[in-house]
S.K.: 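The following block contains the structure, expressed as C-alpha cells.
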There are 2 protein chains.
Amino acid sequence: MTDSPTGRQLLALAQSFRTTLRHAVYLSRSMDGDGELTTMQMSTLSMAADEPLRVSRVAANLGIRVPSATEQIIKLEQAGLVSRQPDPTDSRAVLVQLTDKGRAAWEEASLRRNERVAALLEHLDDDERATLAAALPIIEKLNLTT
Amino acid sequence: MTDSPTGRQLLALAQSFRTTLRHAVYLSRSMDGDGELTTMQMSTLSMAADEPLRVSRVAANLGIRVPSATEQIIKLEQAGLVSRQPDPTDSRAVLVQLTDKGRAAWEEASLRRNERVAALLEHLDDDERATLAAALPIIEKLNLTT
DNA sequence: CGGTCATAGTTAGGTAGCCTAACATTCAGG
DNA sequence: CCTGAATGTTAGGCTACCTAACTATGACCG
C-alpha cells in the first residue's frame with residue numbers, strides 16, 4: 001500500500017475486462033443471425049412495449065443519434081411493427097408505439113433468443129451460473145457510471 | 001424438479017444476460033472514441049504482437065470474413081502499423097507482422113484504454129470487483145461453446 | 001401579441017465495416 | 001502435368017452510423 005498496488009490490480013482487471021468485453025461483442029453479434037430482428041431492433045421494441053416513447057428517448061437509450069434512430073424506427077414502421085404518432089401534448093414530438101404485430105414479433109423473437117442463450121448457459125455448472133448472475137448487475141452499474 | 005424449474009431459471013438468466021450483453025456492446029462502443037485505434041484494430045495488433053500470422057487467422061479470430069480482414073489489414077499497413085509479407089513456406093499465404101511503430105502504438109493505446117476502464121472499475125467496491133473478476137472467465141467459456 | 005431562441009424530428013449526403021461473388025495465384029495428389 | 005483445394009484480393013453492394021442543414025412547434029419575454 002506504499003505506492004498503489006490497488007492501481008495495478010485495477011489495471012489488470014481492466015485488461016481482462018476489456019478482452020472479455022470484446023468477446024462479448026462478438027458473442028452478441030453471433031446471436032444476430034438469419035432474417036430475424038436485430039438486437040437493436042429488439043431493444044427498441046422492448047422499450048416501446050411498456051409505453052409509447054419519443055424518438056429522442058429511443059436514441060438516447062440505444063446510444064445513437066436522433067437521425068439514426070429515426071431511420072431505424074421508420075424501418076420498423078414499414079415492417080408494421082410500430083406506429084408513429086404526434087405527441088398530443090407537444091406536436092413537435094413523435095410517439096413510437098408498438099403495434100399488435102410488433103408485440104407478437106418481439107415476444108416471439110425474444111423467446112427464441114432466450115432459448116439460444118439458455119442453451120449456451122447449460123454448459124455451465126450451478127456455481128458458474130450463480131457467479132454470472134451476480135456479475136450482471138455489476139456490469140450494469142458500470143454502464144450507468146459512463 | 002417435477003417439470004423443469006431449471007429450464008425456467010435458465011431462461012430468466014438468459015434474459016438478463018442478453019440485456020447486459022447489449023449494454024456491454026454499448027459500453028464497448030463508448031470506449032472507441034477519438035481518433036484512436038478501434039477495438040478491432042487493437043485486437044488485430046495484439047494478435048500479431050506474439051508472432052506473424054495469416055490473414056485468414058486474423059479473420060477467424062475477429063469473427064469476420066477474409067475480405068473484410070484484408071480491408072482492415074491494408075488500412076493498418078497504410079498507417080505503417082503492420083507489414084504484409086508472403087509466407088516463405090506457402091506463397092499463397094500472407095503474413096501480417098507488427099512494425100515497431102505498430103507495437104508502440106498498440107502498447108500506448110492499450111495502456112490508455114486500461115486506464116479508462118480502470119477509472120470505471122474504481123466505482124466498484126472490493127466484493128463487486130471480485131465477483132466481476134470471477135465472472136470474466138465464465139463469459140469467455142461461453143464464447144468457446146459457440 | 002410578436003419576435004427570438006430552444007427543442008424535436010426529418011432529410012440529405014457521406015463514411016466505415018461488413019458481406020457475397022468472381023477472380024488470380026499457389027499448392028497437393030493422382 | 002492437370003485438376004481441385006486453399007489463400008488472398010478485387011469489385012460491388014448493403015446497413016448502420018454520423019454531421020449539417022432544414023422544418024415546425026413550443027416557450028419565454030419585452
Side-chain angles (χ1 to χ4, degrees), chain A residues 22 25-45 47-48 51-79 81-97, chain B residues 22-23 25-45 47-48 52-79 81-97:
Chain A
R22 178 167 66 83
V25 171
Y26 179 39
L27 218 175
S28 182
R29 184 158 51 210
S30 74
M31 296 283 163
D32 253 16
D34 312 85
E36 280 183 350
L37 296 172
T38 66
T39 300
M40 291 297 249
Q41 285 176 329
M42 294 193 51
S43 306
T44 304
L45 296 181
M47 281 180 244
E51 53 176 359
L53 80 174
R54 295 182 168 196
V55 172
S56 47
R57 300 254 318 155
V58 172
N61 276 314
L62 294 179
I64 61 181
R65 304 289 173 184
V66 170
S68 308
T70 296
E71 198 172 285
Q72 297 305 320
I73 290 168
I74 286 177
K75 281 191 188 168
L76 289 173
E77 187 186 33
Q78 287 170 346
L81 304 183
V82 303
S83 68
R84 285 193 301 162
Q85 268 146 20
D87 185 336
T89 76
D90 180 348
S91 23
R92 290 173 302 177
V94 169
L95 290 180
V96 180
Q97 190 164 5
Chain B
R22 177 167 69 81
H23 292 162
V25 172
Y26 179 40
L27 218 175
S28 182
R29 183 159 51 211
S30 74
M31 296 282 161
D32 254 16
D34 313 87
E36 280 184 350
L37 296 171
T38 66
T39 301
M40 292 297 249
Q41 286 176 328
M42 293 195 51
S43 306
T44 304
L45 296 182
M47 281 179 244
L53 81 173
R54 296 183 168 196
V55 172
S56 47
R57 298 257 316 157
V58 172
N61 276 315
L62 293 179
I64 61 180
R65 302 292 173 183
V66 170
S68 308
T70 296
E71 199 172 284
Q72 298 304 322
I73 290 168
I74 286 178
K75 281 190 188 170
L76 289 174
E77 187 186 31
Q78 287 170 347
L81 304 183
V82 303
S83 68
R84 285 193 301 162
Q85 268 145 20
D87 185 335
T89 76
D90 180 347
S91 24
R92 287 173 304 179
V94 168
L95 291 180
V96 179
Q97 191 165 4

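Please read all numbers here as calculations on a predicted model, not as lab measurements.
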S.K.: Is B:Asp87 touching bases, backbone alone, or none of the nucleic acid, heavy atoms closer than 4.0 Å?
M.R.: nothing
S.K.: Tell me what A:Thr70 touches on the nucleic acid: a base, only sugar-phosphate, or nothing, going by heavy atoms under 4.0 Å.
M.R.: base
S.K.: Can you list every side chain to side chain donor-acceptor pair (under 3.5 Å) pair that touches residues 66-78 of chain B, not counting sequence neighbours?
M.R.: B:Glu77-B:Arg84
S.K.: In whole angstrom, what separates B:Leu62's CG from C:dC18's C1'?
M.R.: 12 Å
S.K.: Tell me, please, which residues at least two apart from B:Ser43 pass side-chain hydrogen bond (donor to acceptor under 3.5 Å, both in side chains).
M.R.: A:Arg22
S.K.: Using OP1 and OP2 only, check whether a side-chain N or O of B:Ser56 sits under 4.0 Å from D:dG8.
M.R.: yes
S.K.: Report, as a single string ordered 5' to 3', how protein heavy atoms within less than 4.0 Å touch nucleotides 16-22 of chain D: B base, S sugar-phosphate only, - not at all.
M.R.: BBBBB--
S.K.: What pairs of residues pass the salt bridge (Lys or Arg N to Asp or Glu O under 4.0 Å) test when at least one of them lies in residues 35-44 of chain A, not counting sequence neighbours?
M.R.: A:Glu36-A:Arg112, A:Glu36-A:Arg113, A:Glu36-A:Arg116
S.K.: For nucleotides 5-7 of chain C, tabulate all protein N/O to nucleotide N/O atom pairs closer than 3.5 Å, reporting atom names and distance.
M.R.:
{"from": "C:dT7", "atom 1": "O4'", "to": "A:Arg92", "atom 2": "NH1", "distance (Å)": "3.2"}
{"from": "C:dT7", "atom 1": "O2", "to": "A:Arg92", "atom 2": "NH1", "distance (Å)": "2.9"}

S.K.: How many Å lie between CD1 on A:Ile74 and P on C:dG9, as a whole number?
M.R.: 12 Å
S.K.: Hey, is the side chain of B:Ser91 poking within less than 4.0 Å of OP1 or OP2 on C:dC27, counting only N and O atoms?
M.R.: yes
S.K.: Round to the nearest Å and state the distance from A:Leu76 atom CG to D:dT15 atom C1'.
M.R.: 14 Å
S.K.: Contact between A:Ile73 and A:Val55 at the side-chain level, heavy atoms closer than 4.5 Å - yes or no?
M.R.: yes
S.K.: Scan B:Arg57 against the nucleic acid and name what it touches under 4.0 Å (heavy atoms): base, sugar-phosphate only, or nothing.
M.R.: nothing
S.K.: When you measure from the side chain of A:Arg84, which nucleotide among C:dT10, D:dG8, D:dT25 comes out closest?
M.R.: C:dT10
S.K.: I'd like to check the side chain to side chain contact (heavy atoms under 4.5 Å, CB included) partners of A:Ser91; sequence neighbours left out, ordered by chain and number.
M.R.: none
S.K.: Answer yes or no: is there a side-chain heavy-atom contact under 4.5 Å between A:Arg57 and A:Val96?
M.R.: no
S.K.: My understanding is that only residues two or more places apart in sequence, or in another chain, count here; which of them pass side chain to side chain contact (heavy atoms under 4.5 Å, CB included) with B:Arg92?
M.R.: B:Asp90
S.K.: Apply side-chain contact (heavy atoms from CB on, under 4.5 Å) to A:Asp87 and A:Arg54, showing your working.
M.R.: CA-CA 8 Å; A:Asp87 185 336; A:Arg54 295 182 168 196; 3.4 Å; yes
S.K.: Whole angstrom is fine here: how far is it from CD1 in B:Ile73 over to C1' in D:dG8?
M.R.: 10 Å
S.K.: Tell me: CG of B:Leu95 to P of D:dT9, nearest whole Å?
M.R.: 11 Å
S.K.: Quick one: does B:Leu62's side chain get under 4.5 Å of B:Thr44's, heavy atoms only?
M.R.: yes
